[in-house]
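Read the numbers this way: they start at 1 and go in the same order the structure lists the ligands and their atoms. Predicted, not measured: the structure shown is a model, and the values here were computed from it.
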Amino acid sequence: MSANLVGFIGLGNMGYHMAKNIAQSGRAIVVYDVRTEAAEALSDTENVVVAKSVKEVADRAETVLVSLPNAEIIENVAIGENGLISGAAIKTYIDLSTSGEKAVQKISEKLAERGISSLDAPVSGGPPGAKEGKLTIMVAGDKDLFDAKSDLLNALGKKIFYVSDSVGKAQIMKVINNLLSSAAMAISSEAVVLGVKAGLDPNLMIDVLNASSGRNSATEDKFKKSIISRKFDWGFLSELAYKDMKLCMEVSEEYEVPMYLGTNITHFWRYAITQGAGKEDFTAIIKYFEDWAGIQVGESLKHEADAKGH
Ligand code: NAD
């Protein structure tokens with residue numbers, strides 16, 4: 001057990017980079033992932049120790065961060081049998097995942113019964129932001145605890161917002177952000193498909209949009225990198241995007257706020273999930289619009305369209 005040792009659980013598209021940045025900030029870190037290969041990929045990094053279980057992390061580290069896929073897994077890891085709650089060293093739990101207001105509150109209450117404090121700290125910026133240590137972090141929880149952990153969070157992101165003293169409110173902020181991000185992805189895909197069908201060059205369209213009022217996070221960050229390149233490699237699964245939209249819709253139910261447009265975007269993703277899109281990157285959502293229009297947004301197809309004289 002060490003007062004200075006940091007724990008990190010969940011070394012996926014986001015967590016791998018975040019854990020690495022903590023290690024590279026000079027802090028000793030103990031990591032765990034159910035996929036042993038994910039932890040092994042970090043084992044050669046200076047300052048990293050690989051643990052064999054969730055409990056081992058909480059037995060050794062005073063502060064434990066998690067970046068895990070969904071509320072069920074997070075609850076299990078945090079407060080389930082042999083979860084973080086049973087660890088001997090843990091005093092602070094920081095959830096960087098998008099787990100939803102209710103799950104975060106439930107976990108925080110259970111951990112508090114054992115004297116473990118929680119910060120609700122979801123992030124934005126995707127794997128590129130995680131890799132560069134440039135995430136946006138939205139934090140809710142006790143202000144003194146937030147102040148005490150700010151240095152650590154600075155290793156992950158430079159835009160850190162203290163949202164509320166009430167654990168769960170940062171989750172609300174995050175799912176509102178993600179509804180907008182997914183809406184931008186869907187409507188931009190629909191619009192660019194239209195343009196390409198009508199004979200416009202997709203790269204040029206993105207340049208024009210990014211210099212005009214139609215620009216958004218999909219056109220600015222994702223179209224050229226992951227869609228026009230046909231790599232679909234942004235690093236955010238459609239099933240996670242859908243989970244976040246559903247969490248946002250739960251908030252709208254709770255506060256009885258009509259969300260006609262948000263419901264449609266969520267429903268569109270529900271359709272995509274039924275067609276098998278869950279494990280695909282969320283940038284691949286454009287394929288549905290392409291199928292309906294009978295074209296593909298990619299450099300090679302531009303030449304085919306030109307050749308057909310369209
Ligand atoms: P991911 O699926 O790539 O990574 C999750 C990791 O958790 C995997 O390595 C998995 O093996 C591990 N895991 C699953 N169950 C586990 C368990 N019981 N014990 C230990 N490890 C376990 O997901 P991600 O894209 O890195 O996202 C993580 C969280 O961050 C999610 O809540 C997501 O919504 C959120 N998020 C993702 C992005 C993004 O762009 N990818 C951006 C912001 C927030």
Phe8 vs Tyr32, test: ring pair (Phe, Tyr, Trp, His ring centres under 6.0 Å). Steps then yes/no. CA-CA 6 Å; Phe8 202 106; Tyr32 175 72; over 10 Å; no
Rounded distance (nearest 0.5 Å) linking atom CD1 of Ile172 with atom CG of Asn177: 14.0 Å
Judged by modelled atom types alone, do Gln171 and Asp120 share a side-chain donor-acceptor pair under 3.5 Å? yes
Suppose the criterion is side chain to side chain donor-acceptor pair (under 3.5 Å): which pairs have a residue in residues 145-159, not counting sequence neighbours? Thr63-Lys149, Lys143-Asp147
Asp281 and Lys222: side chain to side chain contact (heavy atoms under 4.5 Å, CB included), yes or no, with the steps? CA-CA 11 Å; Asp281 196 76; Lys222 297 168 189 122; over 6 Å; no
Judged by atom type as modelled, is there a donor-acceptor pair below 3.5 Å linking the side chain of Thr219 to the main-chain atoms of Asn216? yes
Using a threshold of 4.0 angstrom between heavy atoms of the protein and any atom of ligand 1, which residues qualify? Ile9, Gly10, Leu11, Gly12, Asn13, Met14, Tyr32, Asp33, Val34, Arg35, Ser67, Leu68, Pro69, Ile73, Val77, Ser97, Thr98, Val123, Gly126, Pro127, Lys174, Gly235, Phe236, Leu240, Lys243, Asp244
